[in-house]
Amino acid sequence: MIANVHGEVLSVGAEYLVVDVGGIGLRVFAPASLCRETGRGERILLHTHLVMRVATSRAREDALSLYGFESEEERDFFTLLLGVNGVGPRLALAILSSLSLAVIRKAVLSEQPDLLAGVTGVGRKTAQRIVLYLQGKVGEGMPLEISEWLDIDTEVMRALTALGYSVVEAQAALQSLPKDALQDVAERLRLALQYFGD
């Protein structure tokens, strides 16, 4: 197994990076946010997970795909998501591209699959399976304080998505809120809406 990749970024796609490792360009699928923030020529260290897809027919070939993350914790969440029935590597990556670890943790610990169901490709049943599967698995060895995602922000997120914003957009707006913002739904919603006005 390839545990990590360290090298220079040769090119950047919407959902992958090509990293030069000892003269070999490795295509590493990565969360969309990481791809957006990374530029050609940068040196990068990615914690990786290798996925092998075995061909199920003669028309398809076996394939190896490498998935990379900024932290070991993200990589570990990715690996956990692969254990959920119906969640493959592309969907697991889409979840980690759309939601922070704090939101995923909040969805699991508070049993709120709706937070996950907002991700493209994740239906209600899949979201429920994820919550059920991850219960008891995201606590030990993965310290991520639930206080990072306030209950009040769940209400703000619901309001933003009801107004037509995507889960990704709503999360970005919430993360832009000042640390000293009032713990009031109306006030936090007002500030979040200002994010879209900039």
Side-chain angles (χ1 to χ4, degrees), residues 13-16 29-37 49 51 67-71 73-139 142 144-178 181 183-198:
E15 57 181 21
Y16 69 86
F29 293 98
S33 57
L34 179 58
C35 293
R36 283 193 303 271
E37 296 163 5
H49 181 84
V51 174
Y67 292 81
F69 306 90
E70 284 187 284
S71 70
E73 189 175 23
E74 264 190 305
R75 193 243 344 255
D76 293 344
F77 259 89
F78 176 79
T79 305
L80 278 174
L81 286 168
L82 293 181
V84 179
N85 185 27
V87 177
R90 300 307 280 255
L91 185 54
L93 185 63
I95 293 168
L96 290 169
S97 291
S98 302
L99 303 173
S100 69
L101 298 186
V103 174
I104 297 170
R105 167 68 71 83
K106 168 72 175 172
V108 173
L109 295 182
S110 61
E111 298 183 17
Q112 293 181 320
D114 288 347
L115 291 175
L116 299 169
V119 176
T120 302
V122 178
R124 180 151 182 80
K125 287 184 179 178
T126 301
Q128 289 171 336
R129 282 197 300 268
I130 291 170
V131 167
L132 188 62
Y133 182 82
L134 292 184
Q135 283 183 346
K137 293 182 173 69
V138 298
M142 292 182 145
L144 184 62
E145 294 299 324
I146 193 166
S147 61
E148 288 184 45
W149 187 261
L150 301 171
D151 283 331
I152 201 163
D153 285 343
T154 302
E155 296 302 316
V156 177
M157 188 170 190
R158 283 191 183 127
L160 290 170
T161 53
L163 290 170
Y165 295 104
S166 71
V167 172
V168 178
E169 291 170 328
Q171 184 180 332
L174 285 169
Q175 289 174 344
S176 75
L177 296 181
Q183 301 305 308
D184 174 73
V185 173
E187 176 63 12
R188 292 177 81 80
L189 179 59
R190 184 184 69 77
L191 292 171
L193 289 169
Q194 284 180 355
Y195 169 84
F196 298 109
D198 294 341

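Note that these values count all heavy atoms, side chains included, but never hydrogens, waters or copies made by symmetry. In this chain, numbering begins with 1 at the start of the sequence shown.
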Is there a side-chain contact between L82 and V51 in this structure, where contact means two heavy atoms from C-beta onward sitting under 4.5 Å apart?
yes
In the structure I gave you, are the side-chain heavy atoms of L116 and V131 within less than 4.5 Å of one another anywhere?
yes
So if I apply the side chain to side chain contact (heavy atoms under 4.5 Å, CB included) rule between I104 and each of L80, I130, V119, L96, which one comes out positive?
L96
What heavy-atom pair brings R124 and P113 nearest, and what distance separates the two atoms?
NH1-CG, 4.1 Å
Nearest heavy-atom approach of A173 to A192 is CB-O, 3.7 Å
Report yes if some heavy atom in the side chain of F196 is under 4.5 Å from a heavy atom in the side chain of L160; otherwise report no.
yes
Just how far is it from atom CD of Q135 to atom NZ of K137, taken to the nearest 0.5 Å?
9.5 Å
Exercise: identify the closest heavy-atom pair between A30 and C35:
O-SG, 3.8 Å
Which atom of G68 lies closest to which atom of P31, heavy atoms considered:
O-CD, 3.4 Å
Please report the C-alpha distance between E70 and R75 in whole Å, then the side-chain angles of each, then the deciding distance to 0.1 Å, and finally whether the side chain to side chain contact (heavy atoms under 4.5 Å, CB included) criterion is met.
CA-CA 8 Å; E70 284 187 284; R75 193 243 344 255; over 6 Å; no
Residues pairing under ring-ring contact (aromatic ring centres under 6.0 Å, His included) where one sits in residues 78-99, two or more places apart or in two chains, turn out to be H49-F78, Y67-F78, F69-F78
In terms of side-chain heavy atoms, does S110 have a donor or acceptor partner in Q112 at a distance below 3.5 Å?
yes
Minimum heavy-atom distance G86-L91, with the two atoms named
O-CD2, 4.0 Å
Can you see which heavy atom on S97 is nearest to which on A32, and at what distance?
OG-N, 3.0 Å
Taking atom types as modelled and ignoring hydrogens, do the side chains of R129 and T126 form a donor-acceptor contact shorter than 3.5 angstrom?
yes
Working to the nearest 0.5 Å, report the span between OG1 of T120 and CD1 of I95.
11.0 Å
With side chain to side chain contact (heavy atoms under 4.5 Å, CB included) as the criterion, how do L81 and L93 come out once you've worked through the C-alpha distance, each side chain's angles and the decisive distance to 0.1 Å?
CA-CA 9 Å; L81 286 168; L93 185 63; over 6 Å; no
Dump the intermediate steps for side chain to side chain contact (heavy atoms under 4.5 Å, CB included) on L193 and L163, then the final yes or no.
CA-CA 10 Å; L193 289 169; L163 290 170; 4.1 Å; yes
